[in-house]
Protein chains: 2
Amino acid sequence: MPTLADVAKVAGVGVMSVSRVVNGTRKVSPETEEKVRAAIRRIGYEPNEAARVLKGHRAKILGLIVPDLADPFFATCANAIQEAAREAGYMTLMVASGHQANVERQQAEVMMQRQIAGLIIIPTGLENDYFLNARVGGLPIVSLDRPLENVDADAVLVDNREASMGVVEHLIEHGHKDILCILDEYRMFTKQERLAGYMQAMREAKLTTRVCMVGPLSGTVAEQLPAILASAPKPTAIFAASDLLTVQVLRHLQGMHIAIPDEIALAVFDDFDAATLITPQITAVRQPVADLGRKAVSLLLQRIEGDSTLPAKQVVLQTELIIRASCGCELAGSRIKSKGLAIRKR
Amino acid sequence: MPTLADVAKVAGVGVMSVSRVVNGTRKVSPETEEKVRAAIRRIGYEPNEAARVLKGHRAKILGLIVPDLADPFFATCANAIQEAAREAGYMTLMVASGHQANVERQQAEVMMQRQIAGLIIIPTGLENDYFLNARVGGLPIVSLDRPLENVDADAVLVDNREASMGVVEHLIEHGHKDILCILDEYRMFTKQERLAGYMQAMREAKLTTRVCMVGPLSGTVAEQLPAILASAPKPTAIFAASDLLTVQVLRHLQGMHIAIPDEIALAVFDDFDAATLITPQITAVRQPVADLGRKAVSLLLQRIEGDSTLPAKQVVLQTELIIRASCGCELAGSRIKSKGLAIRKR
DNA sequence: CTGAAAGCGCTAACAT
DNA sequence: ATGTTAGCGCTTTCAG
């Protein structure tokens, strides 16, 4: 591996001239520059990152921590992030935290030791105080999908609350009065917001809310749904707050031969591959998943390469309500965009 | 950030004793070791990777190059790989090549410059000669899903041919004689193998083969299927050679209201999320996706940490034929394992 | 078994 | 505008 000094020798100039040409740090005379470039090409010089980092510079690497790389939502984010990073000349160090806050924290630490230039994180836990120190350590951080509580970092989000309200309102417009909200019991920002959106839509329409929590404490969909569907004012519509829940609900409804949307209508949060493959096709809120990732990278690069002292900002991207058949709509195919794209300062 | 020298000062020993304790390189007296460990804990020392790498050591980083991180198959691999790597104390640098051989090559180069310890790759192109140089450069490489032609690297694969034969034979057992194979036209190892499996099964049963190529040259499924289904000896069963194809076929069959399996039976390569969500449920070959990833890591670590001079080997993992309803089976739920798990030496 | 010195490739700071 | 020097934190080498 040829070094900078080798280039200098071949070009017949000092090492610093070479360094300056490579990094564009300062003005170099055109002749020198030409000599250096020629020498670089000739011996195939490539700068050594390790030496640069050792000198106190940050590595041209972005860190990405997501709960699960196999999850379609996170995977699509990761893909977009990696691509955007590559286009900007950065490599991406990726970690799946497995929804464990301690893994998340520990891996963030390792990344910082490696002097990554910035970190994008879809935080798992609710206690993110750890990342405060990171920010103090000067590491630019952007959170994705969920804000990093208490930490002054940029965030790229969608308005889960408003989007949920939109779906539920759509169901209400269909004349439904008993709408069941199915939600997993994990305390997560996005899920709480989706619940809030449901609540608000129902309240504004003066309807009674009904929430079915799913999880180890409350039980599965299959365990709870029969009782609910047998109850006195039987729900005529279901709002499932995530794709995982949607799949469970669909399986159960299919198993019990309950017709959608005739016996019960369905509209859900998160569009998913199978949504248009099953009959009826499912009405769903679609998030601009790849855009979220790209936006996160652009915010991060702005911090890294530009002014990192600007106040943190939250970017809210638009969601779309994709109207298909499961809500009871005759003509599928229309889309309703959220008001979104607000850029709120904290 | 405290350095090794700081530790030495605090512990009252030379730097080399500290280095030896940290790396376990050589014998150190118990007392010295204790002093050093105490000092490390006290000032919170963490070794600086960059300095180590600068000294000529490899970084504790694995590289992973896949065609597309958003694809469920690759994403699941990536997730398993990252997790296994983390457990072994390695970080993972991930790149989506976007199915472009030049990106793949260029990113591999960057990774090598960063002195990664090993590389796992799901190669996109057919011309992999580039990686020959990499191997010569001493970088351990494991290819996944597809072998790296001409390169003496370990590979973790499934037997696409045998698995395809299995599916097609199953269709034949149902009494089908006109079985259409739908395949995309890209020249890819796995697809070629799947085609070969179909051919072999048909030949052994003395049946006439019929292949529908899909792609920009030949046309889409929607463009070609009507003519095929209107033809004289109409196929009574379809074997779709990948999940992407399966989705297209399903959409088309649904659109034309063709009943599965009554009018036409269907069995496919690649199990996918929606397979059990649609009616009828789809009979499919399932690959042990996460296992492929884990096995790749274990092979790679073996090379990195152990003898890297052993001859390259190919590990073939078992697939499963998951029998559901789309093939015409009455009782779904059975599974047929491939003979697999052969470990072939090259 | 332990320590001192040299140097990996680079750039900040100074000197010309 | 260009060159020289020192040193980032570590490990290899050589002496003790």
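Below, chains carry the letters A, B, ... as their sequence lines are ordered, and counting in each starts from 1.
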Visitor: Under 4.0 Å from any heavy atom of chain B: name the first and the last nucleotide of DNA chain C that qualifies, 5' to 3'.
Guide: C/dC1 to C/dG9
Visitor: Using only atom types and a distance under 3.5 Å, with no angle test, would you say the side chain of B/R146 pairs donor to acceptor with the backbone of B/P123?
Guide: yes
Visitor: Could you list the residues that satisfy side-chain contact (heavy atoms from CB on, under 4.5 Å) with B/P72, not counting sequence neighbours?
Guide: none
Visitor: Counting side-chain heavy atoms from C-beta on, which of D/dT2, D/dG9, D/dC8 comes nearest to B/K55?
Guide: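 Ranking D/dT2, D/dG9, D/dC8 by closest atom to the B/K55 side chain puts D/dG9 first.
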Visitor: Salt bridge (charged side-chain N to carboxylate O under 4.0 Å, His left out) with A/R114: which residues, sequence neighbours excluded?
Guide: B/E49
Visitor: For residues 2-13 of chain A, which residue pairs qualify under salt bridge (charged side-chain N to carboxylate O under 4.0 Å, His left out), counting only residues two or more places apart or in two chains?
Guide: none
Visitor: Once salt bridge (charged side-chain N to carboxylate O under 4.0 Å, His left out) is applied, do any residues pair with A/R37, and if so which ones, sequence neighbours excluded?
Guide: A/E33
Visitor: Has A/D154 got a side-chain atom pairing as donor or acceptor with A/K313's backbone, closer than 3.5 angstrom?
Guide: yes
Visitor: Taking 4.0 angstrom as the limit, do B/E109 and B/R105 come out as a salt bridge?
Guide: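 Counted as a salt bridge, because a side-chain N and a carboxylate O are separated by less than 4.0 Å.
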Visitor: Do any side-chain nitrogens or oxygens of B/T3 fall under 4.0 Å of OP1 or OP2 in D/dC8?
Guide: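 Negative; the distance criterion is not met.
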Visitor: Atom CZ of B/R58 to atom C1' of D/dT11: distance rounded to whole Å?
Guide: 17 Å
Visitor: Provide the full list of salt bridge (charged side-chain N to carboxylate O under 4.0 Å, His left out) pairs with a residue in residues 64-90 of chain A, sequence neighbours left out, each pair given once.
Guide: none
Visitor: Looking at DNA chain C, which of residues 31-44 of chain B put a heavy atom within less than 4.0 Å of it?
Guide: B/T32
Visitor: Kindly state which residues belonging to residues 4-15 of chain B come within less than 4.0 angstrom of DNA chain D, counting heavy atoms of the residue only, listed by number.
Guide: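 Here the set is B/L4.
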Visitor: Run the side chain to side chain donor-acceptor pair (under 3.5 Å) test against A/Q115 and tell me which residues pass, sequence neighbours left out.
Guide: none
Visitor: Enumerate all atom pairs, one protein N or O and one N or O from nucleotides 13-16 of chain D, separated by less than 3.5 Å.
Guide:
none

Visitor: Through what angle, rounded to 10 degrees, does the axis of the helix from C/dC1-D/dG16 to C/dT16-D/dA1 turn between its ends, using five pairs per end?
Guide: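 The two end axes of the helix from C/dC1-D/dG16 to C/dT16-D/dA1 meet at 40°.
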Visitor: Only one of A/V21, A/V18, A/V36 clears side-chain contact (heavy atoms from CB on, under 4.5 Å) with A/V28; which?
Guide: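 Exactly one pass, corresponding to A/V21.
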Visitor: What residues, two or more places apart in sequence or in another chain, satisfy salt bridge (charged side-chain N to carboxylate O under 4.0 Å, His left out) together with B/E46?
Guide: none
